[in-house]
Amino acid sequence: MPPPPIHILGLGNLGKLLAHSLRKYHPELPITLLFHRPSLAEEWERAGRCIEIVRNGKSDKQGGFAWENVRKEKSEIKNLLVATKTYGTAQAVTPLKERLGKESTLLFIQNGMGTIDEVTSQVFTSPSTRPNYLAGVVSHGVYATSQFSSVHAGLANAVIGPVVTDSHNQTSIISGSPSSYMAQKIVGCPVLSTSLLSSQDLLHAQLTKLTINATNNPLTVLFDCINGALLQSPRICTLIDRIISEVSAVIHAMLSNPPQGPMPVDPGLVHTLFSPESLRKTVHEVITINANNISSMRQDVLAGRKTEIDYINGWIVKKGQSLGVTCPINKRVVQLVKEGRKLNDTQID
Ligand code: KPL
């Protein structure tokens, strides 16, 4: 019997990196790429039906993928890796709804927060037929050179765990088993350096990554630079600190406020992980590892695409509002990114 297939929805940088790694380290694994627009099939032919990842200047092309048009196929999907842009996720999953049931697992690999709650409230509204959810946090820096080619510019790590969601203002855990088939296959790709986490540790990893994305991503857009350039400006470093102190306050309120937060957490641990100092250290480390990368948000702006700002700084502002924590700096950052503003560091007030 061949191993069960993994379907991949969303072929941006993370989707490509995951598909390429799974193919490379599991040659026997059936992998199906889901194409949501007809022109993708033509681009796929032009790319020689391969995904290319360039790492340390060396190109590696992997082929042997199947593909499907999301709107045509009807067969059941057991393992779905969701790597779409946050704002398009609920809409992208909708045509697959009938193919996903209680036995299916969705693994969300995305930046930002809020998408899983949207998929639950817009697509899988009935708990009795809802699939299992896992989420992953990927800290690798990847930028695209064409639809099916990307550069793996920052070699970092990834984590996967069951999802905690507080959609509909309820505290609930929608569990997928962290030992699921799909998670195991990803762990089996050494280049991704993936660990499996509990739902609580996953939430901590998501909030840490959110802080990285809330600082690095919009600032590389506003100052129009690669990641590493941010740390060369003392004024930008101060701005990073100001964003972080608001994010830290929101996370503290969220985690120490059980009725609204997803679960009670030891305050000592919250302080160790999410004090402004700890977050600052992590943000600087990740920016340094990904110094030569073009952030995903800057790639979006350069390609004329919508950004994920509403699911990153926008999510922080909204979460803060619901918890009584104001976030004027994050609010301003959202506004400036949406206005398409470009700044130099002497314009920081
Ligand atoms: O997640 C990223 C992104 O660009 O979205 C990092 C890790 C910051 C790499 O650029």
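The figures here come from the full heavy-atom set of this structure, side chains too, leaving out hydrogens, waters and symmetry mates. All residue numbers in this chain count up from 1 along the given sequence. Indexing begins at 1, ligand by ligand and atom by atom, following the structure's order.
Applying side chain to side chain contact (heavy atoms under 4.5 Å, CB included) to Ile240 and the options Asn216, Thr211, Val283 leaves one that passes, Val283.
For residues 296-339, the set of pairs meeting the ring-ring contact (aromatic ring centres under 6.0 Å, His included) definition, not counting sequence neighbours, is empty. Annotation: side chain to side chain donor-acceptor pair (under 3.5 Å) contacts involving residues 17-28, sequence neighbours excluded, comprise Lys24-Asp60.
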Distances under 3.5 Å, N/O of ligand 1 against N/O of the protein: list each pair and its distance.
{"residue": "ligand 1", "atom": "1 (O)", "partner": "Lys209", "partner atom": "NZ", "Å": "3.0"}
{"residue": "ligand 1", "atom": "1 (O)", "partner": "Asn213", "partner atom": "ND2", "Å": "3.1"}
{"residue": "ligand 1", "atom": "4 (O)", "partner": "Ser296", "partner atom": "N", "Å": "2.8"}
{"residue": "ligand 1", "atom": "5 (O)", "partner": "Asn111", "partner atom": "ND2", "Å": "2.8"}
{"residue": "ligand 1", "atom": "5 (O)", "partner": "Asn213", "partner atom": "ND2", "Å": "3.4"}
{"residue": "ligand 1", "atom": "5 (O)", "partner": "Asn217", "partner atom": "ND2", "Å": "3.0"}
{"residue": "ligand 1", "atom": "5 (O)", "partner": "Ser296", "partner atom": "OG", "Å": "2.5"}
{"residue": "ligand 1", "atom": "10 (O)", "partner": "Asn227", "partner atom": "ND2", "Å": "2.9"}
{"residue": "ligand 1", "atom": "10 (O)", "partner": "Asn293", "partner atom": "ND2", "Å": "2.9"}

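Remark: His36 engages no residue in a ring-ring contact (aromatic ring centres under 6.0 Å, His included) (not counting sequence neighbours).
A donor-acceptor pair is defined here as one N or O able to donate and one able to accept, closer than 3.5 Å; such a pair exists between the side chain of Gln299 and the backbone of Ala144.
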Problem - Stepwise salt bridge (charged side-chain N to carboxylate O under 4.0 Å, His left out) test for Asp300 and Arg305 - result: CA-CA 5 Å; Asp300 288 340; Arg305 286 188 296 262; 2.9 Å; yes

